[in-house]
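Have a look at the structure below before the remarks.
Proteins come first, then strands; the chains are lettered A, B, ... in the order of their sequence lines, and each starts at number 1.
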Protein chains: 2
Amino acid sequence: MEENKDVCEIKFVNEDKVNKVRGLLKPDDIIVRLAETFKVLGDPTRTKIIFALSVEELCVCDIAHLLDMSDSAISHQLRILRNLRLVKCRKEGKMAYYSLDDHHINELFDRGLEHVTER
Amino acid sequence: MEENKDVCEIKFVNEDKVNKVRGLLKPDDIIVRLAETFKVLGDPTRTKIIFALSVEELCVCDIAHLLDMSDSAISHQLRILRNLRLVKCRKEGKMAYYSLDDHHINELFDRGLEHVTER
DNA sequence: GCAATATGTGAACAACTGTTCATCTGTACC
DNA sequence: GGTACAGATGAACAGTTGTTCACATATTGC
């Protein structure tokens with residue numbers, strides 16, 4: 001009877017609880033996109049960029065000046081934020097003005113700030 | 001007059017906008033903690049753990065079983081989540097039951113899910 | 001005490017990340 | 001056209017991250 005894996009190979013597990021959760025788990029691609037979104041917000045430079053853009057539309061060199069970093073570094077980060085649709089870009093002559101892509105970002109950011117500051 | 005950096009060394013910048021944002025920027029330690037919180041949520045394994053714990057209180061081996069990963073890997077991740085106060089631990093005999101630390105986490109998670117799924 | 005079990009933890013390793021540097025594209029003005 | 005400037009991008013490098021493995025700790029039941 002070495003078939004009975006619930007007893008032999010798997011340690012004690014609350015099968016009913018686990019199955020309940022398993023039934024509710026989101027599809028893998030949703031989880032991955034969600035994790036990617038959080039990860040992108042999880043770098044201090046990008047966190048600051050998002051905050052800055054929640055206040056004002058800014059161009060690359062504005063942000064670089066504000067955060068005392070190179071234009072190149074900021075441009076790289078903005079591309080990452082653009083790819084995840086967290087910010088959008090508006091070209092005006094030589095300048096590229098960036099702003100938050102939608103209101104969800106602002107709310108998400110505020111909730112995070114709440115969690116960190118309230119305590 | 002090589003003091004006038006606004007003209008000589010810095011490229012064109014919307015000084016008023018930048019100064020406005022600079023005045024509103026949160027202190028560095030707040031930003032860093034905020035970024036850390038997002039970063040911790042930004043790994044698929046931890047994202048799944050947080051989701052699972054938003055449904056049920058679970059022990060280490062429950063989660064390991066659910067996600068088909070080693071107990072050790074889950075334990076490591078849980079420590080990271082514990083350190084950031086995203087989950088809390090309740091010992092019962094040999095078992096360690098984990099659950100979300102407070103309601104903020106759930107809300108933060110739901111906002112993220114909203115952003116990812118709505119579109 | 002001893003064996004079994006559930007979890008915790010340090011070291012180590014491959015994989016990934018953020019910045020810098022050099023270079024490229026595209027626009028504005030002469 | 002040519003020069004100057006804002007921004008974009010690929011390669012490369014150091015630093016960080018997540019998992020595995022081996023072992024440690026702590027609790028239970030004999």
Side-chain angles (χ1 to χ4, degrees), chain A residues 6-14 17-18 31-32 35-50 57-84 87-99, chain B residues 7-14 17-18 31-32 35-50 53 57-84 87-99:
Chain A
D6 290 359
V7 174
C8 304
E9 295 190 1
I10 299 171
K11 296 180 290 188
F12 177 79
V13 172
N14 304 299
K17 278 196 195 177
V18 173
I31 292 285
V32 169
E36 265 179 353
T37 303
F38 280 127
K39 183 195 278 182
V40 157
L41 293 170
D43 172 76
T45 299
R46 289 192 294 264
T47 309
K48 287 177 196 166
I49 293 177
I50 293 287
E57 186 192 54
L58 295 169
C59 68
V60 177
C61 65
D62 284 340
I63 303 173
H65 185 47
L66 175 67
L67 304 185
D68 195 27
M69 293 180 62
S70 73
D71 292 355
S72 178
I74 299 297
S75 186
H76 275 294
Q77 300 293 17
L78 283 169
R79 179 166 53 153
I80 294 172
L81 293 170
R82 228 188 310 133
N83 286 345
L84 269 273
V87 306
K88 62 189 175 198
C89 182
R90 177 177 71 82
K91 295 276 177 105
E92 192 177 304
K94 281 185 283 191
M95 318 289 276
Y97 285 96
Y98 283 87
S99 55
Chain B
V7 173
C8 305
E9 296 189 3
I10 300 170
K11 296 181 291 192
F12 176 79
V13 171
N14 303 299
K17 278 197 197 176
V18 172
I31 292 285
V32 168
E36 266 180 352
T37 303
F38 280 127
K39 182 194 279 180
V40 158
L41 294 169
D43 172 77
T45 299
R46 289 192 293 264
T47 309
K48 288 177 196 166
I49 292 177
I50 293 287
L53 296 182
E57 185 192 55
L58 295 168
C59 68
V60 177
C61 66
D62 285 339
I63 302 172
H65 186 47
L66 174 69
L67 304 185
D68 195 27
M69 292 180 63
S70 72
D71 293 354
S72 179
I74 299 297
S75 185
H76 275 296
Q77 299 294 17
L78 283 170
R79 180 167 50 154
I80 294 171
L81 292 171
R82 227 187 314 132
N83 286 343
L84 269 274
V87 306
K88 62 188 173 198
C89 182
R90 176 176 71 81
K91 294 277 176 102
E92 188 174 299
K94 281 184 285 194
M95 320 289 277
Y97 285 97
Y98 283 87
S99 55

Original post:
With a 3.5 Å cut-off and just heavy-atom distances, do the side chain of Ser72(A) and the base of dT19(C) make a donor-acceptor pair?
Top reply: no

Subject >> Contact under 4.0 Å: Tyr98(A) side-chain N or O vs dA6(D) OP1/OP2 >> reply: no

Original post:
When only distance counts, do a donor and an acceptor, one from the side chain of His76(A) and one from the base of dG10(D), lie under 3.5 Å apart?
Top reply: yes

Subject >> Distance in angstrom units between Ile63(B) CD1 and dG8(C) C1', rounded >> reply: 14 Å

**OP:** Would you kindly give the CD1-to-C1' distance between Ile80(A) and dC16(C), to the nearest whole Å?
**Re:** 12 Å

**OP:** Mind checking the CD-CG spacing from Glu57(B) to Asn14(A)? Nearest 0.5 Å is all I need.
**Re:** 9.5 Å

**OP:** Please tell me which of the listed nucleotides, dA8(D), dG7(D), dT9(C), lies nearest to the side chain of Arg79(B)?
**Re:** dT9(C)

Original post:
Among the nucleotides dA6(C), dA6(D), dA8(D), which one has an atom lying closest to any side-chain atom of Met95(A)?
Top reply: dA6(D)

Original post:
Would one find a side-chain N or O of Lys39(A) under 4.0 angstrom from OP1 or OP2 of dT17(C)?
Top reply: yes

**OP:** Identify, between Leu78(B) and Asp43(A), the residue whose nearest nucleotide on DNA chain C lies closer to the 5' end.
**Re:** Leu78(B)

Original post:
Under 4.0 Å between a side-chain N or O of Arg46(B) and OP1 or OP2 of dG18(D)?
Top reply: yes

Original post:
Taking side chain as C-beta onward, heavy atoms only, is Ile50(B) less than 4.5 Å from Val87(B)?
Top reply: yes

Original post:
Think Ser70(A) has a side-chain N or O under 4.0 angstrom from the OP1 or OP2 of dC21(C)?
Top reply: no

Original post:
Of all the nucleotides listed (dG18(D), dT7(C), dG18(C)), which has the minimum atom distance to the side chain of Cys61(B)?
Top reply: dT7(C)

**OP:** Encode nucleotides 25-30 of chain D as B, S and - characters from 5' to 3', where the letter depends on protein heavy atoms closer than 4.0 Å: B to the base, S only to sugar-phosphate, - to neither.
**Re:** --BS--

Original post:
Do Gln77(B) and Ile63(B) come close enough that some side-chain heavy atom pair is under 4.5 Å?
Top reply: no

